[in-house]
Asks: 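Handing you this structure, nothing more for now.
Per chain, numbering begins at 1; letters A, B, ... match sequence-line order.
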Number of protein chains: 4
Amino acid sequence: MAGVNKVILIGNLGADPEVKHLEGDKVVANISLATTESYKDKSGNRVDNTEWHDLELWDGQARIAEQYLKKGMQLYVEGKIKTDTWQDEQGNNRKKVRIRVLSFTMLGGRPEGGSTASEQQPSGNYANKPAMNSPNPPVMESASTDDDLPF
Amino acid sequence: MAGVNKVILIGNLGADPEVKHLEGDKVVANISLATTESYKDKSGNRVDNTEWHDLELWDGQARIAEQYLKKGMQLYVEGKIKTDTWQDEQGNNRKKVRIRVLSFTMLGGRPEGGSTASEQQPSGNYANKPAMNSPNPPVMESASTDDDLPF
Amino acid sequence: MAGVNKVILIGNLGADPEVKHLEGDKVVANISLATTESYKDKSGNRVDNTEWHDLELWDGQARIAEQYLKKGMQLYVEGKIKTDTWQDEQGNNRKKVRIRVLSFTMLGGRPEGGSTASEQQPSGNYANKPAMNSPNPPVMESASTDDDLPF
Amino acid sequence: MAGVNKVILIGNLGADPEVKHLEGDKVVANISLATTESYKDKSGNRVDNTEWHDLELWDGQARIAEQYLKKGMQLYVEGKIKTDTWQDEQGNNRKKVRIRVLSFTMLGGRPEGGSTASEQQPSGNYANKPAMNSPNPPVMESASTDDDLPF
DNA sequence: TTTT
DNA sequence: TTTT
């Protein structure tokens, strides 16, 4: 039966993407994304609850990720849950849940010690205006999964 | 920073919910939900791709699940991704990803092959109208997480 | 700036789709979909709140809608909000909000006044298994917008 | 029947919120939010397509909006579609579609040219760090609709 | 490991 | 009316 398997995340990259170029022009990028939920406990103290998500991007999106995404950036992600299963050395069944990214959009965010736009260092401007130096900023606001870069 | 961690699923229960009544009126229900994606491969053959999700419901929702949800039923689920981490007997770090359900709605659907229908209520037909025999059908179309049954 | 404009609905068709075949192989289907929210008011009485949505589907999806969707069926819909603007006869600016459907999936459900499966009329069983008699049930669980029928 | 009526938006405020304080402690805020979709047409030219959404927030959320949201800011919004109907002076049935906001989160973004910064706090820069001067930054990442300010 |  |  046709089902729905949809994930929507807004969070920050815990590190630069890890990109692997495979044979046959295939590219895969792995990203660790933190989503933080903030609430007040019964004593009225604010509590932060961070969840880490393993994202997987392929081909065109992996190439964009490689070029533009940096540790600390804030990302909107849409994707689906995907479980990889295998046997470990002891013969135990193991599985790992990943988010297969179908589309993403860079949001604001900034690295630690960020500054205002006018004060910004030549290097490291990525967070406030990620693709500003690029002739055409990347836009991937459609659930496109084709291999072409969108610009 | 405030983030977003949202999961939306439509799928079928692989089994009746497993419900545990804990001390202090706490109740937890675990549900295995299959979402199936169907597509045609390059040869034009239809391929089904099923992903299994471990759902976790608490208290009021767990009680509703215990009372109404049955193997084979189709469910709309909204929740968030939650990772439990622990050390196994060998001292290895292990983790398990679950969907913490925030709201759900029973849809149509039916058990596999319809063959199990006779193993349930004779005139049950729960799948087509799950809560029809109930004086007040359960409705949980708000992201309510309070402990009260909604009816 | 790249934004997000996403609508997710589960509801029932208020009528059969209205389909128009335009020049150049273009097809558009308009659907009226009711989403009902049910809650208890302060007096403890259940209240139903129904919202009607104007859906618009194009080409391949419009053709599938024309062939399979019937009044009363339950639908999962994913799309985006789209406002058409024009001037009326008095020269006033008018606008109409529609949901441009990007993907949809037929769910269980049944038409108003529906009955249990065993009581159902030979004709019109569509609601419980919409596409069952079709050699290949339609599945459109990807945000595909191409013009080809998916089966 | 229990349905789903969900809207997810990321966009920018076209103006400061319009806030009305009603009798009985009720507060309503109206916000105009632009979501922009960017794509390349057949000639390879980038095309921006902007959709304007009328948001409605009540009580606690309206108060937060009044205090923190400013023209130009980028917002993540979750809500539902709601249609108001009435008769105009000519006795014609009219309707207006609004997004009833259930939760929202401020994202990056910034006002036009940053020129408005001086009209706010001297060291305002609200867009990059909206609530920085506040002892407790507002966080509304739960679909909370209660009237209390979340901080 | 991120962010506020 | 926003934003890039």
Asks: A:Lys80 and B:Glu51: salt bridge (Lys or Arg N to Asp or Glu O under 4.0 Å), yes or no, with the steps?
Replies: CA-CA 10 Å; A:Lys80 62 181 174 184; B:Glu51 183 76 29; over 6 Å; no
Asks: Go through E:dT1, F:dT1, F:dT4 for me and flag the one nearest to the D:Lys71 side chain.
Replies: F:dT1
Asks: For D:Lys40 and F:dT4, give me the distance from atom NZ to atom C1', rounded to whole Å.
Replies: 15 Å
Asks: What is the separation between atom CG on A:Asn12 and atom P on E:dT3, rounded to the nearest whole Å?
Replies: 6 Å
Asks: Just how far, in rounded Å, is C1' of E:dT3 from CG of A:Asn49?
Replies: 14 Å
Asks: Whole-Å distance between F:dT1 C1' and D:Leu13 CG?
Replies: 10 Å
Asks: What's the closest nucleotide to the side chain of D:Asp48 if the choices are F:dT4, F:dT1, F:dT2?
Replies: F:dT4
Asks: Ignoring hydrogens and angles, are the base of F:dT2 and the side chain of D:Ser32 linked by a donor-acceptor pair under 3.5 Å?
Replies: no
Asks: What's the verdict on side chain to side chain donor-acceptor pair (under 3.5 Å) for D:Ser38 and D:Arg46, showing C-alpha distance, side-chain angles and the deciding distance?
Replies: CA-CA 7 Å; D:Ser38 197; D:Arg46 182 150 298 286; 3.1 Å; yes
Asks: For A:Ile31 and E:dT1, give me the distance from atom CD1 to atom C1', rounded to whole Å.
Replies: 13 Å
Asks: Would you kindly give the CG-to-P distance between A:Leu69 and E:dT1, to the nearest whole Å?
Replies: 21 Å
Asks: Looking only at side-chain atoms of D:Ala34, point me to the closest of F:dT2, E:dT1, E:dT2.
Replies: F:dT2
Asks: Indicate whether the side chain of D:His53 and that of D:Ser32 have a donor and an acceptor atom separated by less than 3.5 Å.
Replies: no
Asks: NZ of D:Lys70 versus P of F:dT1: gap in Å, rounded?
Replies: 20 Å
Asks: Does the side-chain ring of A:Trp52 lie flat on the base of E:dT2, meaning centres under 5.5 Å and planes less than 30 degrees apart?
Replies: no
Asks: Per the side-chain hydrogen bond (donor to acceptor under 3.5 Å, both in side chains) rule, which among D:Asp54, D:Asp84, D:Thr83 passes with D:Lys96?
Replies: D:Asp54
Asks: Report the distance from atom CG of A:Leu107 to atom P of E:dT4, rounded to the nearest whole Å.
Replies: 13 Å
